[in-house]
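To keep things clear, I will list the structure first and then write my remarks on it.
Proteins get letters first, then strands, A, B, ... in listed order; numbering begins at 1 in each.
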Number of protein chains: 2
Amino acid sequence: MPQDRAPTRIQKRNRAAILEAALNVFSANGFRGATVDQIAAEAGLSKPNLLYYFPSKEAMHEALLAELLDTWLDPLRALDDSGEPLEELLAYVHRKLEMSRDYPRESRLFANEIVQGAPRIHQALSEDLKALVDDKVALLRAWMDAGRIAPVHPYHLIFSIWSLTQHYADFDVQVRAVLGDEDPFDGADLFLDTLYRRLLSPRPD
Amino acid sequence: MPQDRAPTRIQKRNRAAILEAALNVFSANGFRGATVDQIAAEAGLSKPNLLYYFPSKEAMHEALLAELLDTWLDPLRALDDSGEPLEELLAYVHRKLEMSRDYPRESRLFANEIVQGAPRIHQALSEDLKALVDDKVALLRAWMDAGRIAPVHPYHLIFSIWSLTQHYADFDVQVRAVLGDEDPFDGADLFLDTLYRRLLSPRPD
DNA sequence: TTCTGATTTGACCAACTGGTCAAACTCACG
DNA sequence: CGTGAGTTTGACCAGTTGGTCAAATCAGAA
(Lines give C-alpha, C1' and ligand atoms only; values in the text may rest on other atoms or scores of the structure.)
Protein backbone atom coordinates (compact mmCIF):
# COMPACT_ATOMS: atom_id res chain seq x y z
CA MET A 1 0.00 0.00 0.00
CA PRO A 2 1.10 3.60 -0.55
CA GLN A 3 3.41 5.00 2.10
CA ASP A 4 2.19 7.91 4.12
CA ARG A 5 4.70 10.34 2.68
CA ALA A 6 3.43 13.13 0.50
CA PRO A 7 1.22 11.53 -2.15
CA THR A 8 2.73 11.22 -5.60
CA ARG A 9 1.05 12.53 -8.71
CA ILE A 10 -0.13 9.02 -9.59
CA GLN A 11 -1.49 8.45 -6.09
CA LYS A 12 -3.52 11.63 -6.24
CA ARG A 13 -4.98 10.81 -9.63
CA ASN A 14 -5.85 7.21 -8.79
CA ARG A 15 -7.27 7.88 -5.35
CA ALA A 16 -9.51 10.51 -6.85
CA ALA A 17 -10.58 8.20 -9.68
CA ILE A 18 -11.36 5.40 -7.22
CA LEU A 19 -13.42 7.62 -4.92
CA GLU A 20 -15.30 9.05 -7.87
CA ALA A 21 -16.08 5.56 -9.14
CA ALA A 22 -16.94 4.31 -5.66
CA LEU A 23 -19.37 7.20 -5.19
CA ASN A 24 -21.13 6.22 -8.41
CA VAL A 25 -21.40 2.58 -7.51
CA PHE A 26 -22.16 2.87 -3.78
CA SER A 27 -24.80 5.56 -4.26
CA ALA A 28 -26.53 3.57 -6.95
CA ASN A 29 -26.40 0.16 -5.29
CA GLY A 30 -25.76 0.59 -1.60
CA PHE A 31 -22.74 -0.84 0.20
CA ARG A 32 -23.72 -4.47 -0.06
CA GLY A 33 -24.91 -4.09 -3.61
CA ALA A 34 -21.65 -2.62 -4.81
CA THR A 35 -18.81 -4.89 -5.90
CA VAL A 36 -15.13 -4.07 -5.97
CA ASP A 37 -14.94 -5.31 -9.55
CA GLN A 38 -17.63 -2.84 -10.53
CA ILE A 39 -15.79 0.06 -8.90
CA ALA A 40 -12.54 -1.06 -10.49
CA ALA A 41 -14.12 -1.16 -13.95
CA GLU A 42 -15.67 2.26 -13.46
CA ALA A 43 -12.34 3.68 -12.32
CA GLY A 44 -10.45 2.06 -15.17
CA LEU A 45 -8.17 0.13 -12.83
CA SER A 46 -7.70 -3.52 -11.92
CA LYS A 47 -9.22 -4.90 -8.75
CA PRO A 48 -5.90 -5.61 -7.01
CA ASN A 49 -4.86 -2.10 -7.90
CA LEU A 50 -7.85 -0.66 -6.03
CA LEU A 51 -6.85 -2.69 -3.02
CA TYR A 52 -3.37 -1.24 -3.30
CA TYR A 53 -4.81 2.20 -2.61
CA PHE A 54 -7.53 1.23 -0.15
CA PRO A 55 -7.11 -1.76 2.16
CA SER A 56 -10.73 -2.89 1.66
CA LYS A 57 -14.09 -2.13 0.13
CA GLU A 58 -15.15 -0.96 3.59
CA ALA A 59 -12.28 1.56 3.60
CA MET A 60 -13.47 3.15 0.36
CA HIS A 61 -16.94 3.48 1.79
CA GLU A 62 -15.64 4.99 5.00
CA ALA A 63 -13.49 7.48 3.13
CA LEU A 64 -16.52 8.64 1.19
CA LEU A 65 -18.77 8.92 4.24
CA ALA A 66 -16.22 10.77 6.31
CA GLU A 67 -15.71 13.37 3.62
CA LEU A 68 -19.43 13.56 2.93
CA LEU A 69 -20.69 14.12 6.46
CA ASP A 70 -18.32 17.01 6.82
CA THR A 71 -19.34 18.91 3.69
CA TRP A 72 -22.97 17.83 3.85
CA LEU A 73 -23.63 19.96 6.89
CA ASP A 74 -21.82 23.05 5.66
CA PRO A 75 -25.06 24.78 4.64
CA LEU A 76 -26.45 24.33 8.15
CA ARG A 77 -23.20 25.57 9.69
CA ALA A 78 -23.51 28.67 7.58
CA LEU A 79 -26.84 29.53 9.18
CA ASP A 80 -26.21 32.43 11.50
CA ASP A 81 -27.53 35.66 12.93
CA SER A 82 -26.04 37.95 10.30
CA GLY A 83 -29.18 38.82 8.34
CA GLU A 84 -32.94 38.83 8.49
CA PRO A 85 -33.98 35.48 10.06
CA LEU A 86 -36.56 34.50 7.47
CA GLU A 87 -34.25 35.34 4.57
CA GLU A 88 -31.43 33.52 6.31
CA LEU A 89 -33.56 30.38 6.56
CA LEU A 90 -34.79 30.67 3.00
CA ALA A 91 -31.19 30.92 1.85
CA TYR A 92 -30.45 27.71 3.76
CA VAL A 93 -33.36 25.94 2.09
CA HIS A 94 -32.19 27.21 -1.26
CA ARG A 95 -28.64 26.01 -0.69
CA LYS A 96 -29.84 22.57 0.40
CA LEU A 97 -32.01 22.25 -2.68
CA GLU A 98 -29.06 23.22 -4.85
CA MET A 99 -27.04 20.46 -3.25
CA SER A 100 -29.76 17.96 -4.10
CA ARG A 101 -29.62 19.13 -7.69
CA ASP A 102 -25.84 19.27 -8.00
CA TYR A 103 -24.78 16.39 -5.75
CA PRO A 104 -27.51 13.76 -5.94
CA ARG A 105 -25.03 10.90 -5.62
CA GLU A 106 -23.84 12.20 -2.29
CA SER A 107 -27.42 12.55 -1.10
CA ARG A 108 -28.24 9.00 -2.10
CA LEU A 109 -25.09 7.63 -0.52
CA PHE A 110 -26.23 9.23 2.71
CA ALA A 111 -29.81 8.05 2.27
CA ASN A 112 -28.73 4.47 1.66
CA GLU A 113 -26.69 4.55 4.84
CA ILE A 114 -29.45 6.03 7.00
CA VAL A 115 -32.31 3.94 5.66
CA GLN A 116 -30.40 0.83 6.56
CA GLY A 117 -29.90 1.99 10.12
CA ALA A 118 -26.71 4.03 9.75
CA PRO A 119 -24.52 1.13 10.93
CA ARG A 120 -21.33 2.99 10.07
CA ILE A 121 -22.12 6.56 11.14
CA HIS A 122 -24.45 6.17 14.06
CA GLN A 123 -21.93 7.66 16.43
CA ALA A 124 -21.30 10.68 14.23
CA LEU A 125 -25.04 11.29 14.13
CA SER A 126 -25.65 11.29 17.84
CA GLU A 127 -22.49 13.28 18.58
CA ASP A 128 -21.35 15.72 15.91
CA LEU A 129 -24.68 16.04 14.14
CA LYS A 130 -26.71 16.36 17.32
CA ALA A 131 -24.35 18.99 18.69
CA LEU A 132 -24.58 21.08 15.55
CA VAL A 133 -28.36 20.84 15.42
CA ASP A 134 -28.72 21.68 19.11
CA ASP A 135 -26.64 24.74 18.49
CA LYS A 136 -28.73 25.94 15.56
CA VAL A 137 -31.95 25.16 17.41
CA ALA A 138 -30.88 27.61 20.07
CA LEU A 139 -30.58 30.26 17.37
CA LEU A 140 -34.03 29.41 15.99
CA ARG A 141 -35.54 29.63 19.47
CA ALA A 142 -33.98 33.04 19.95
CA TRP A 143 -35.53 34.23 16.71
CA MET A 144 -38.91 32.85 17.69
CA ASP A 145 -38.78 34.32 21.17
CA ALA A 146 -37.95 37.69 19.66
CA GLY A 147 -40.94 37.40 17.34
CA ARG A 148 -38.75 37.57 14.26
CA ILE A 149 -40.10 34.27 12.86
CA ALA A 150 -43.30 32.45 13.75
CA PRO A 151 -42.91 29.83 16.48
CA VAL A 152 -42.79 26.17 15.47
CA HIS A 153 -41.04 23.11 16.84
CA PRO A 154 -37.45 23.98 15.88
CA TYR A 155 -36.16 20.42 15.53
CA HIS A 156 -38.99 19.42 13.24
CA LEU A 157 -38.42 22.60 11.27
CA ILE A 158 -34.89 21.45 10.53
CA PHE A 159 -36.06 17.90 9.76
CA SER A 160 -38.58 19.34 7.34
CA ILE A 161 -35.89 21.21 5.45
CA TRP A 162 -33.73 18.11 5.19
CA SER A 163 -36.65 15.99 4.17
CA LEU A 164 -38.12 18.33 1.57
CA THR A 165 -34.86 19.14 -0.13
CA GLN A 166 -33.19 15.74 -0.09
CA HIS A 167 -36.39 14.18 -1.40
CA TYR A 168 -35.65 15.68 -4.82
CA ALA A 169 -32.33 13.86 -4.98
CA ASP A 170 -33.22 10.60 -3.25
CA PHE A 171 -36.63 10.06 -4.85
CA ASP A 172 -35.67 11.62 -8.14
CA VAL A 173 -37.01 8.73 -10.24
CA GLN A 174 -40.38 8.90 -8.55
CA VAL A 175 -40.64 12.66 -8.84
CA ARG A 176 -39.75 12.54 -12.53
CA ALA A 177 -42.09 9.64 -13.19
CA VAL A 178 -44.95 11.74 -11.88
CA LEU A 179 -43.93 15.14 -13.26
CA GLY A 180 -43.11 13.96 -16.76
CA ASP A 181 -41.08 16.57 -18.65
CA GLU A 182 -41.37 19.40 -16.14
CA ASP A 183 -38.12 20.24 -14.35
CA PRO A 184 -38.48 19.21 -10.70
CA PHE A 185 -36.08 21.76 -9.31
CA ASP A 186 -37.62 24.85 -10.86
CA GLY A 187 -40.98 24.06 -9.29
CA ALA A 188 -39.46 22.92 -6.03
CA ASP A 189 -37.52 26.14 -5.59
CA LEU A 190 -40.64 28.28 -5.82
CA PHE A 191 -42.77 25.87 -3.80
CA LEU A 192 -40.33 25.69 -0.91
CA ASP A 193 -39.90 29.44 -0.87
CA THR A 194 -43.66 29.86 -0.59
CA LEU A 195 -43.99 27.11 1.98
CA TYR A 196 -41.42 28.49 4.40
CA ARG A 197 -42.54 32.08 3.97
CA ARG A 198 -46.08 31.12 4.93
CA LEU A 199 -44.90 28.89 7.75
CA LEU A 200 -42.43 31.30 9.28
CA SER A 201 -43.52 34.84 8.52
CA PRO A 202 -43.94 36.61 11.84
CA ARG A 203 -47.62 36.75 12.67
CA PRO A 204 -49.50 39.19 14.88
CA ASP A 205 -50.53 37.89 18.29
CA MET B 1 -43.58 -25.83 -6.10
CA PRO B 2 -47.13 -25.55 -4.76
CA GLN B 3 -49.84 -26.17 -7.35
CA ASP B 4 -52.21 -23.35 -8.16
CA ARG B 5 -55.22 -25.02 -6.63
CA ALA B 6 -56.72 -23.44 -3.56
CA PRO B 7 -53.87 -22.95 -1.06
CA THR B 8 -53.72 -25.43 1.80
CA ARG B 9 -53.61 -24.40 5.43
CA ILE B 10 -49.87 -25.03 5.50
CA GLN B 11 -49.31 -23.05 2.33
CA LYS B 12 -51.10 -20.06 3.78
CA ARG B 13 -49.16 -20.17 7.03
CA ASN B 14 -45.77 -20.60 5.40
CA ARG B 15 -46.27 -18.05 2.64
CA ALA B 16 -47.26 -15.50 5.25
CA ALA B 17 -44.29 -16.36 7.46
CA ILE B 18 -41.93 -16.05 4.52
CA LEU B 19 -43.28 -12.69 3.39
CA GLU B 20 -43.15 -11.40 6.95
CA ALA B 21 -39.54 -12.49 7.30
CA ALA B 22 -38.66 -11.19 3.84
CA LEU B 23 -40.11 -7.80 4.71
CA ASN B 24 -37.90 -7.63 7.77
CA VAL B 25 -34.77 -8.57 5.93
CA PHE B 26 -35.31 -6.67 2.68
CA SER B 27 -36.35 -3.46 4.40
CA ALA B 28 -33.36 -3.56 6.71
CA ASN B 29 -30.74 -4.53 4.13
CA GLY B 30 -32.06 -3.80 0.66
CA PHE B 31 -32.50 -6.42 -2.03
CA ARG B 32 -28.85 -7.12 -2.64
CA GLY B 33 -28.04 -7.00 1.04
CA ALA B 34 -30.60 -9.61 1.97
CA THR B 35 -29.75 -13.29 1.79
CA VAL B 36 -32.14 -16.16 1.36
CA ASP B 37 -30.52 -17.92 4.32
CA GLN B 38 -31.28 -14.90 6.49
CA ILE B 39 -34.91 -14.84 5.42
CA ALA B 40 -35.18 -18.58 5.96
CA ALA B 41 -33.76 -18.32 9.48
CA GLU B 42 -36.13 -15.46 10.31
CA ALA B 43 -39.09 -17.44 8.97
CA GLY B 44 -38.08 -20.59 10.83
CA LEU B 45 -37.84 -22.62 7.64
CA SER B 46 -35.03 -24.20 5.65
CA LYS B 47 -33.67 -22.48 2.58
CA PRO B 48 -34.86 -25.11 0.10
CA ASN B 49 -38.25 -24.89 1.72
CA LEU B 50 -38.45 -21.17 0.96
CA LEU B 51 -37.65 -21.92 -2.64
CA TYR B 52 -40.44 -24.45 -2.64
CA TYR B 53 -42.91 -21.62 -2.01
CA PHE B 54 -41.23 -18.91 -4.06
CA PRO B 55 -39.22 -19.74 -7.17
CA SER B 56 -36.50 -17.22 -6.32
CA LYS B 57 -35.36 -14.45 -4.02
CA GLU B 58 -36.48 -12.04 -6.69
CA ALA B 59 -39.99 -13.50 -6.56
CA MET B 60 -40.27 -12.84 -2.82
CA HIS B 61 -39.21 -9.26 -3.38
CA GLU B 62 -41.69 -8.82 -6.21
CA ALA B 63 -44.52 -10.26 -4.16
CA LEU B 64 -43.80 -7.75 -1.40
CA LEU B 65 -43.55 -4.77 -3.72
CA ALA B 66 -46.70 -5.61 -5.61
CA GLU B 67 -48.72 -5.85 -2.41
CA LEU B 68 -47.05 -2.75 -0.99
CA LEU B 69 -47.61 -0.38 -3.89
CA ASP B 70 -51.26 -1.17 -3.81
CA THR B 71 -51.86 -0.50 -0.11
CA TRP B 72 -49.29 2.27 0.11
CA LEU B 73 -51.40 4.62 -1.98
CA ASP B 74 -54.68 3.91 -0.22
CA PRO B 75 -54.51 7.11 1.85
CA LEU B 76 -54.13 9.18 -1.30
CA ARG B 77 -56.97 7.32 -3.01
CA ALA B 78 -59.14 8.18 -0.02
CA LEU B 79 -58.64 11.90 -0.64
CA ASP B 80 -61.89 13.20 -2.07
CA ASP B 81 -64.34 16.06 -2.19
CA SER B 82 -66.51 14.89 0.68
CA GLY B 83 -65.45 17.39 3.35
CA GLU B 84 -63.76 20.71 3.90
CA PRO B 85 -60.67 20.72 1.61
CA LEU B 86 -58.14 21.81 4.22
CA GLU B 87 -59.39 19.27 6.77
CA GLU B 88 -59.44 16.61 4.08
CA LEU B 89 -55.80 17.29 3.30
CA LEU B 90 -54.81 17.41 6.94
CA ALA B 91 -56.48 14.05 7.42
CA TYR B 92 -54.39 12.69 4.55
CA VAL B 93 -51.21 14.01 6.12
CA HIS B 94 -52.23 12.50 9.42
CA ARG B 95 -52.93 9.10 7.87
CA LYS B 96 -49.61 9.12 6.05
CA LEU B 97 -47.76 9.95 9.23
CA GLU B 98 -49.56 7.14 11.00
CA MET B 99 -48.39 4.76 8.32
CA SER B 100 -44.81 5.86 8.87
CA ARG B 101 -45.22 5.12 12.54
CA ASP B 102 -47.05 1.82 12.17
CA TYR B 103 -45.47 0.41 9.02
CA PRO B 104 -41.90 1.67 8.93
CA ARG B 105 -40.64 -1.52 7.30
CA GLU B 106 -42.90 -1.03 4.32
CA SER B 107 -41.78 2.56 4.01
CA ARG B 108 -38.13 1.54 4.06
CA LEU B 109 -38.67 -1.26 1.56
CA PHE B 110 -40.14 1.34 -0.76
CA ALA B 111 -37.38 3.85 -0.03
CA ASN B 112 -34.66 1.32 -0.73
CA GLU B 113 -36.24 0.52 -4.07
CA ILE B 114 -36.66 4.15 -5.14
CA VAL B 115 -33.27 5.41 -3.96
CA GLN B 116 -31.62 2.78 -6.10
CA GLY B 117 -33.51 3.89 -9.16
CA ALA B 118 -36.69 1.80 -8.82
CA PRO B 119 -35.38 -0.88 -11.20
CA ARG B 120 -38.32 -3.16 -10.44
CA ILE B 121 -41.25 -0.76 -10.23
CA HIS B 122 -40.38 1.98 -12.65
CA GLN B 123 -43.27 1.09 -14.88
CA ALA B 124 -45.79 1.08 -12.05
CA LEU B 125 -44.56 4.55 -11.05
CA SER B 126 -44.98 6.19 -14.43
CA GLU B 127 -48.29 4.47 -15.13
CA ASP B 128 -50.44 3.65 -12.09
CA LEU B 129 -48.86 6.14 -9.71
CA LYS B 130 -48.77 8.97 -12.22
CA ALA B 131 -52.40 8.38 -13.17
CA LEU B 132 -53.53 8.48 -9.55
CA VAL B 133 -51.55 11.62 -8.80
CA ASP B 134 -52.79 13.37 -11.95
CA ASP B 135 -56.31 12.60 -10.84
CA LYS B 136 -55.83 14.03 -7.35
CA VAL B 137 -54.00 17.04 -8.71
CA ALA B 138 -57.13 17.90 -10.67
CA LEU B 139 -59.06 17.89 -7.42
CA LEU B 140 -56.47 20.12 -5.75
CA ARG B 141 -56.59 22.56 -8.64
CA ALA B 142 -60.36 22.73 -8.38
CA TRP B 143 -60.08 23.56 -4.69
CA MET B 144 -57.49 26.23 -5.41
CA ASP B 145 -59.48 27.76 -8.25
CA ALA B 146 -62.51 27.93 -5.98
CA GLY B 147 -60.43 29.72 -3.36
CA ARG B 148 -61.01 26.97 -0.82
CA ILE B 149 -57.30 26.42 -0.24
CA ALA B 150 -54.41 28.71 -1.03
CA PRO B 151 -52.80 28.15 -4.43
CA VAL B 152 -49.51 26.27 -4.58
CA HIS B 153 -47.92 23.93 -7.11
CA PRO B 154 -50.16 20.89 -6.62
CA TYR B 155 -47.60 18.23 -7.58
CA HIS B 156 -45.02 19.63 -5.22
CA LEU B 157 -47.67 19.81 -2.53
CA ILE B 158 -48.15 16.06 -2.83
CA PHE B 159 -44.41 15.45 -2.95
CA SER B 160 -44.04 17.49 0.21
CA ILE B 161 -46.56 15.32 2.03
CA TRP B 162 -44.83 12.12 0.96
CA SER B 163 -41.45 13.52 1.82
CA LEU B 164 -42.31 14.96 5.23
CA THR B 165 -44.22 11.92 6.46
CA GLN B 166 -42.04 9.15 5.10
CA HIS B 167 -38.97 10.91 6.45
CA TYR B 168 -39.97 9.84 9.95
CA ALA B 169 -39.90 6.18 8.93
CA ASP B 170 -36.98 6.17 6.52
CA PHE B 171 -34.67 8.45 8.49
CA ASP B 172 -35.84 7.26 11.88
CA VAL B 173 -32.31 6.64 13.21
CA GLN B 174 -31.23 10.13 12.30
CA VAL B 175 -34.32 11.76 13.75
CA ARG B 176 -33.93 9.86 17.00
CA ALA B 177 -30.21 10.52 17.19
CA VAL B 178 -30.95 14.25 17.11
CA LEU B 179 -34.11 14.29 19.24
CA GLY B 180 -32.83 12.05 22.01
CA ASP B 181 -35.68 10.80 24.17
CA GLU B 182 -38.46 12.92 22.73
CA ASP B 183 -41.01 10.96 20.70
CA PRO B 184 -40.64 11.95 17.04
CA PHE B 185 -44.22 11.30 16.06
CA ASP B 186 -45.88 13.42 18.71
CA GLY B 187 -43.94 16.47 17.63
CA ALA B 188 -44.27 15.67 13.95
CA ASP B 189 -48.04 15.41 14.15
CA LEU B 190 -48.39 18.90 15.58
CA PHE B 191 -45.70 20.38 13.38
CA LEU B 192 -47.20 19.06 10.15
CA ASP B 193 -50.66 20.20 11.15
CA THR B 194 -49.33 23.71 11.72
CA LEU B 195 -47.28 23.67 8.54
CA TYR B 196 -50.12 22.71 6.22
CA ARG B 197 -52.62 25.00 7.93
CA ARG B 198 -50.34 27.96 7.38
CA LEU B 199 -49.46 26.90 3.85
CA LEU B 200 -52.98 26.16 2.67
CA SER B 201 -55.39 28.29 4.64
CA PRO B 202 -57.36 30.35 2.14
CA ARG B 203 -55.94 33.86 2.07
CA PRO B 204 -57.61 37.09 1.12
CA ASP B 205 -56.71 38.47 -2.31
C1' DT C 1 -54.78 -48.33 7.59
C1' DT C 2 -53.27 -47.20 3.09
C1' DC C 3 -52.06 -44.46 -0.47
C1' DT C 4 -51.15 -40.16 -2.96
C1' DG C 5 -49.88 -35.72 -3.30
C1' DA C 6 -47.96 -32.05 -0.43
C1' DT C 7 -44.07 -30.72 2.25
C1' DT C 8 -39.36 -30.79 3.98
C1' DT C 9 -34.48 -31.37 3.92
C1' DG C 10 -29.36 -32.75 3.54
C1' DA C 11 -26.09 -32.71 0.21
C1' DC C 12 -24.51 -30.47 -3.45
C1' DC C 13 -23.10 -27.06 -7.23
C1' DA C 14 -21.60 -23.18 -10.04
C1' DA C 15 -21.05 -18.40 -9.92
C1' DC C 16 -19.60 -14.58 -7.50
C1' DT C 17 -17.06 -11.89 -4.15
C1' DG C 18 -13.52 -9.74 -1.23
C1' DG C 19 -9.05 -10.20 -0.68
C1' DT C 20 -3.87 -12.06 -1.22
C1' DC C 21 0.61 -12.47 -3.31
C1' DA C 22 4.64 -12.91 -5.87
C1' DA C 23 6.25 -11.41 -9.99
C1' DA C 24 6.53 -7.90 -13.38
C1' DC C 25 6.63 -3.36 -14.86
C1' DT C 26 7.24 1.90 -14.59
C1' DC C 27 8.96 6.08 -13.05
C1' DA C 28 12.00 9.61 -11.29
C1' DC C 29 16.24 10.78 -9.89
C1' DG C 30 21.26 10.55 -9.35
C1' DC D 1 21.86 4.48 -17.83
C1' DG D 2 21.13 2.21 -13.42
C1' DT D 3 18.55 1.57 -9.47
C1' DG D 4 15.29 1.38 -5.89
C1' DA D 5 10.86 2.75 -4.65
C1' DG D 6 6.38 3.08 -6.39
C1' DT D 7 2.78 0.82 -9.20
C1' DT D 8 0.30 -2.84 -11.64
C1' DT D 9 -1.46 -7.35 -12.54
C1' DG D 10 -2.48 -12.48 -13.49
C1' DA D 11 -3.34 -16.27 -10.91
C1' DC D 12 -5.26 -17.79 -7.08
C1' DC D 13 -8.08 -18.75 -2.70
C1' DA D 14 -11.65 -19.33 0.74
C1' DG D 15 -16.13 -18.00 2.01
C1' DT D 16 -20.71 -16.82 0.56
C1' DT D 17 -24.76 -17.06 -2.14
C1' DG D 18 -28.77 -18.33 -5.03
C1' DG D 19 -30.52 -22.26 -6.52
C1' DT D 20 -31.13 -27.67 -7.57
C1' DC D 21 -32.44 -32.37 -6.66
C1' DA D 22 -33.44 -36.83 -5.15
C1' DA D 23 -34.83 -38.83 -1.25
C1' DA D 24 -37.37 -38.72 2.99
C1' DT D 25 -41.33 -37.40 5.66
C1' DC D 26 -45.98 -35.83 6.48
C1' DA D 27 -51.14 -34.85 5.99
C1' DG D 28 -55.42 -36.25 5.02
C1' DA D 29 -58.97 -38.45 2.02
C1' DA D 30 -60.77 -42.98 1.05
Pairwise N/O distances under 3.5 Å, protein to nucleotides 25-30 of chain D:
unit_1, atom_1, unit_2, atom_2, d
dG28(D), OP1, R9(B), NH2, 2.8

Gap between atoms CZ and C1', on F31(A) and dT17(C) respectively (whole Å): 12 Å

dT8(D) phosphate, OP1 or OP2, under 4.0 Å from N14(A) side-chain N/O: yes

Sugar-phosphate, base or nothing in reach of A34(B), heavy atoms under 4.0 Å: sugar-phosphate

Cation-pi geometry met for R176(B) and F171(B) (6.0 Å, 45°): no

F31(A) six-ring face occupied by R120(A) cation (under 6.0 Å, within 45°): yes

Side-chain donor-acceptor contact under 3.5 Å, D80(B) with S82(B): yes

Any donor-acceptor N/O pair, Y92(B) side chain to A78(B) backbone, under 3.5 Å: no

E182(B) atom CD, neighbour heavy-atom count above 12 within 6.0 Å: yes

Set of ring pair (Phe, Tyr, Trp, His ring centres under 6.0 Å) partners for Y103(B), sequence neighbours left out: none

H156(B) and F159(B) aromatic ring geometry - parallel, tilted or perpendicular at 30°/60° bounds: perpendicular

Contact check, side chains of L195(A) and V152(B), non-hydrogen atoms, under 4.5 Å: no

N or O in side chain of R32(A) less than 4.0 angstrom from dT17(D) OP1/OP2: yes

Between N or O atoms, less than 3.5 Å apart, protein on one side and nucleotides 9-15 of chain C on the other: list the pairs.
unit_1, atom_1, unit_2, atom_2, d
dT9(C), OP2, S46(B), OG, 3.1

dT7(D) OP1/OP2 closer than 4.0 Å to side-chain N/O of Q11(A): yes

